[in-house]
Amino acid sequence: MAASSLLRSSPFFSSPQQRNPRTINNSPRFLTVKATISSSDKSVDTTPVIKSHRRPADENIRQEAHRRCSSEPNNFSAKYVPFNADPGCTESYSLDEIVYRSRSGGLLDVQHDMEALKEFDGNYWKNLFDGRIGKTNWPYGSGVWSKKEWVLPEIDSDDIVSAFEGNSNMFWAERYGKQHLGMNDLWVKHCGISHTGSFKDLGMTVLVSQVNRLRKMNRPVVGVGCASTGDTSAALSAYCASAGIPSIVFLPANKISMAQLVQPIANGAFVLSLDTDFDGCMQLVREVTSELPIYLANSLNSLRIEGQKTAAIEILQQFDWEVPDWVIVPGGNLGNIYAFYKGFHMCKELGLVDRIPRLVCAQAANANPLYLHYKSGWTDFSPVKAKTTFASAIQIGDPVSIDRAVYALQNSNGIVEEATEEELMDAMAQADSTGMFICPHTGVALTALDKLRNSGVIRPTDRTVVVSTAHGLKFTQSKIDYHSKAIPEMACRLANPPVNVKADFGSVMDVLKKYLLSKESKN
Ligand SMILES: Cc1ncc(COP(=O)(O)O)c(C=O)c1O
Ligand SMILES: N[C@@H](CCOP(=O)(O)O)C(=O)O
């Protein structure tokens, strides 16, 4: 039997109705309401009927997935190939190999068997993904693993290490859009409202799951390591801790926030605090992982991109598969901008949508190698020495995914913008004052939006998504500095410091009256 017909004849794909995953996954589990119409009074009997558990009571969701998986033949596959190779190139590697670079030293990419995926049309995939949202089925309750066939199709669900990441909130930035930019269709995709507080969870669930599989196959992986500006290390240590895998993190001393530092410490990682910057840590971790049985978890490893690309698919899904005009992403090591491109492009190639959005990558002016490259007309690329920035997670001067980023931007009619320290901090404060609580990196992305609106490139009615990459609670010190006007040479014009008042009725009444009058005069 051909693999495709085998797939269709499996218990999960056997009839057109069953192939609609809404039907499969939405089946009521515990409680339904009996709705019978009596012949005499036509009344509806709404007596609840208790249904039995969908799985035996002593079976957990992982075991259930394992049992189900063995009866679910799967024709999909993926392998590593050199990134952006010539069509004739035959170099490829199994995902079960430990390899980060092509023979020529270039980046790798995970290539899916697109012909096998194309056996199903766009509507099939939309229904499949939509039908899995927000459920507790292992592993599809995750926004990443709900797209498992497009991510790591061959991994046994039993090997997956997941915190049901993804499915993050898309916030309609009504007030920020209207008052500040004259926009009515502005959205913030809150990828930072997540298990460890940043979008890194999306890629890390994939990488650590594959490591879990490799270790079960007795491959030489004693631990997993990364260089980090704080978010990759948090995600790596949490997912490794969840699976009982040792994690080692290389951090630039005094260059990440306290909240980020405490994450790997709490999760039991082996934390190296190094007297260098992120680029120095990255260099070291690359050297170390080529000598020791430590698996490299940075986005140089293309497995990470496979998880991160699901945020793009999720955006389309959240708009009922309508394509936004713009997506703005803050960029540092530059894996994520490519991940967004890849997710959107895959949806187009597989017929879920008919175009992709224009991408904008936003950098801090203090760490702007991509911006300089873009401004040179993509002619020269030179790493820079990244200077201190409040957007500390993107303080990166020599991004490993530069080639991926250029490819993504060139193929999406993309733009690169930059934000000064004052611009990004004002944008963050402005957004917070409209009900958000964003990180400085999102402030960088909002500054890019502001500039593109002012120049008329982005129009008032363009549907625009700003990707918020980390939770604001990881970066409270920057907000404290701003609101207490403690930043040298910055006006902090939106600072909102607390008012010290004597604890007596008269003093409190005086300040409140003054405050209310100032509000009244603005109405
Ligand atoms: C909060 C945050 N935003 C943005 C980025 C940039 O992502 P990328 O390195 O994939 O460009 C990072 C990490 O680099 C990050 O931690
Ligand atoms: N911001 C990142 C920097 C490393 O990026 P990666 O995606 O290559 O791991 C971090 O939080 O460490």
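Every number for a ligand or one of its atoms is a count from 1 in the order of the listing.
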Heavy-atom side-chain proximity of Asn333 to Phe278 below 4.5 angstrom: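 Asn333 vs Phe278: side chains touch.
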Determine, using heavy atoms of [X] and all atoms of ligand 2, whether some pair is separated by less than 4.0 Å.
| X | answer |
| --- | --- |
| Arg304 | yes |
| Gly230 | yes |
| Val400 | no |
| Ala393 | yes |

Quick one: look at [X] and ligand 1, take heavy-atom pairs under 4.0 Å, and tell me if it's side chain, backbone, both or neither.
| X | value |
| --- | --- |
| Asp231 | side chain |
| Lys200 | side chain |
| Asn336 | both |

Below 4.0 angstrom from a heavy atom of Ala393, which ligand 1 atoms are there? Numbered from 1 as shown, please.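 Atoms satisfying the 4.0 Å criterion: 1 (C), 2 (C), 12 (C), 13 (C), 14 (O), 15 (C), 16 (O).
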Taking 4.0 angstrom as the limit and counting only heavy atoms of Pro330, give me the atoms of ligand 1 inside it, by number and element.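 The list of qualifying atoms is 4 (C), 6 (C).
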Counting non-hydrogen protein atoms only, what is the nearest one to atom 7 (O) of ligand 1? Give residue, atom name and distance.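 The closest one turns out to be Phe199 CZ, 3.4 Å.
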Could you tell me the residue and atom name of the protein heavy atom closest to atom 2 (C) of ligand 1, and the distance to it rounded to 0.1 Å?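 Protein heavy atom at minimum distance: Thr469 OG1, 3.4 Å.
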Any side-chain donor-acceptor pair under 3.5 Å between [X] and [Y]?
| X | Y | value |
| --- | --- | --- |
| Glu165 | Ser142 | yes |
| Trp145 | Thr205 | yes |
| Lys126 | Gln317 | no |

Need the ligand 2 atom indices (1-based, order shown) with element for anything under 4.0 Å from a heavy-atom of Ser228.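 So the answer, numbered in order with elements, is 10 (C), 11 (O), 12 (O).
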Of all the atoms in ligand 2, which lie at a distance below 4.0 Å from a heavy atom belonging to Ile396?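 In order of number, 3 (C).
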Among Thr469, Ile394, Thr229, Leu207, which residue places a heavy atom closest to atom 3 (C) of ligand 2?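 Of the listed residues, Thr229 has the closest heavy atom.
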Below 3.5 angstrom, do we get any N/O pair linking Gly335 and ligand 1?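 Between Gly335 and ligand 1 (N or O atoms, distance only) the closest approach is under 3.5 Å.
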Does ligand 1 come near enough to Ala470 that some N or O of the ligand is less than 3.5 Å from an N or O of the residue?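 No, Ala470 has no N/O under 3.5 Å of an N/O on ligand 1.
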Start with the C-alpha gap between Asp403 and Tyr338, add the side-chain angles, then the distance that decides, and say whether side-chain hydrogen bond (donor to acceptor under 3.5 Å, both in side chains) holds. CA-CA 9 Å; Asp403 295 347; Tyr338 176 67; over 6 Å; no
Tyr239 six-ring face occupied by Lys200 cation (under 6.0 Å, within 45°):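 Not flagged: Lys200 not positioned over aromatic ring of Tyr239.
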Are Trp138 and Phe164 close enough that their ring centres sit under 6.0 Å apart?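 Yes: the rings meet the under 6.0 Å criterion.
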